[in-house]
Amino acid sequence: KASNQQPTVEQLGISANECGISHILISRGSWNKHNLELLKIKRSKIEGYLKSKKVSTSDVFLLLVDDTGKYDLIVKEK
């Protein structure tokens with residue numbers, strides 16, 4: 001029924017941020033070389049980002065980057 005459907009973004013009067021899909025760069029401390037090459041991202045750039053967050057590669061559980069260049073970092077639990 002139409003009365004039971006969730007409202008759309010337009011009906012709520014808000015805009016959705018389109019960021020494309022997320023790509024895995026590091027998973028459980030291991031580099032995803034395929035995605036680095038595919039996205040033409042230099043490892044040194046990612047290492048600089050991790051350094052700014054005071055995180056070493058071995059401490060990364062998951063590092064993603066979306067199509068807009070936004071990083072999503074999840075650090076391993078200690």
Side-chain angles (χ1 to χ4, degrees):
K1 293 182 177 180
S3 62
N4 293 333
Q5 291 181 347
Q6 292 184 352
T8 64
V9 173
E10 293 81 18
Q11 290 170 331
L12 293 173
I14 58 176
S15 62
N17 294 332
E18 293 293 327
C19 60
I21 64 171
S22 293
H23 309 274
I24 297 172
L25 299 179
I26 301 174
S27 176
R28 297 182 184 184
S30 297
W31 292 90
N32 185 313
K33 294 176 187 175
H34 173 77
N35 281 346
L36 288 171
E37 291 173 10
L38 179 72
L39 300 169
K40 296 180 172 70
I41 297 175
K42 294 188 178 190
R43 198 167 158 160
S44 59
K45 179 180 178 181
I46 304 306
E47 289 169 340
Y49 170 77
L50 293 176
K51 186 176 180 180
S52 75
K53 298 294 182 183
K54 298 181 177 152
V55 174
S56 68
T57 305
S58 61
D59 292 331
V60 174
F61 178 72
L62 194 62
L63 177 63
L64 307 169
V65 65
D66 67 23
D67 291 334
T68 66
K70 179 181 168 274
Y71 294 106
D72 191 9
L73 172 65
I74 302 170
V75 179
K76 292 179 183 176
E77 291 184 6
K78 295 187 179 199

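Fair warning: this is a prediction, and the values are worked out from it, not measured in the lab. Values below: every heavy atom of this structure, side chains too, minus hydrogens, waters and symmetry copies.
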Listing, residues 51-70 side-chain donor-acceptor contacts under 3.5 Å, not counting sequence neighbours, or none:
unit_1: Ser52; atom_1: OG; unit_2: Tyr49; atom_2: O; d: 2.6
unit_1: Ser56; atom_1: OG; unit_2: Ser58; atom_2: OG; d: 3.1
unit_1: Ser56; atom_1: OG; unit_2: Asp59; atom_2: OD2; d: 3.0
unit_1: Asp66; atom_1: OD1; unit_2: Thr68; atom_2: N; d: 2.8
unit_1: Asp66; atom_1: OD1; unit_2: Thr68; atom_2: OG1; d: 2.6
unit_1: Asp66; atom_1: OD1; unit_2: Gly69; atom_2: N; d: 3.1
unit_1: Asp66; atom_1: OD1; unit_2: Lys70; atom_2: N; d: 3.0
unit_1: Asp66; atom_1: OD2; unit_2: Thr68; atom_2: OG1; d: 3.4
unit_1: Asp67; atom_1: OD1; unit_2: His23; atom_2: NE2; d: 2.7
unit_1: Asp67; atom_1: OD2; unit_2: Ile21; atom_2: N; d: 3.1

Could you see if Leu25 belongs to whatever hydrophobic cluster contains Ile74? Use Ile, Leu, Val, Met, Phe, Trp, Tyr and a side-chain cutoff under 4.5 Å.
no
dist Asn32:CG -> Ile41:CD1 (nearest 0.5 Å) comes out at 10.5 Å
According to a 4.5 Å side-chain heavy-atom criterion applied to Ile, Leu, Val, Met, Phe, Trp and Tyr, with indirect links allowed, do Tyr71 and Ile24 form part of one hydrophobic cluster?
no
Test of understanding: clusters of I, L, V, M, F, W, Y form through side-chain heavy atoms closer than 4.5 Å, transitively. Do Leu39 and Leu73 belong to the same one?
yes
So the salt bridge (charged side-chain N to carboxylate O under 4.0 Å, His left out) pairs with at least one residue in residues 21-44 (sequence neighbours excluded) are Arg43-Glu47
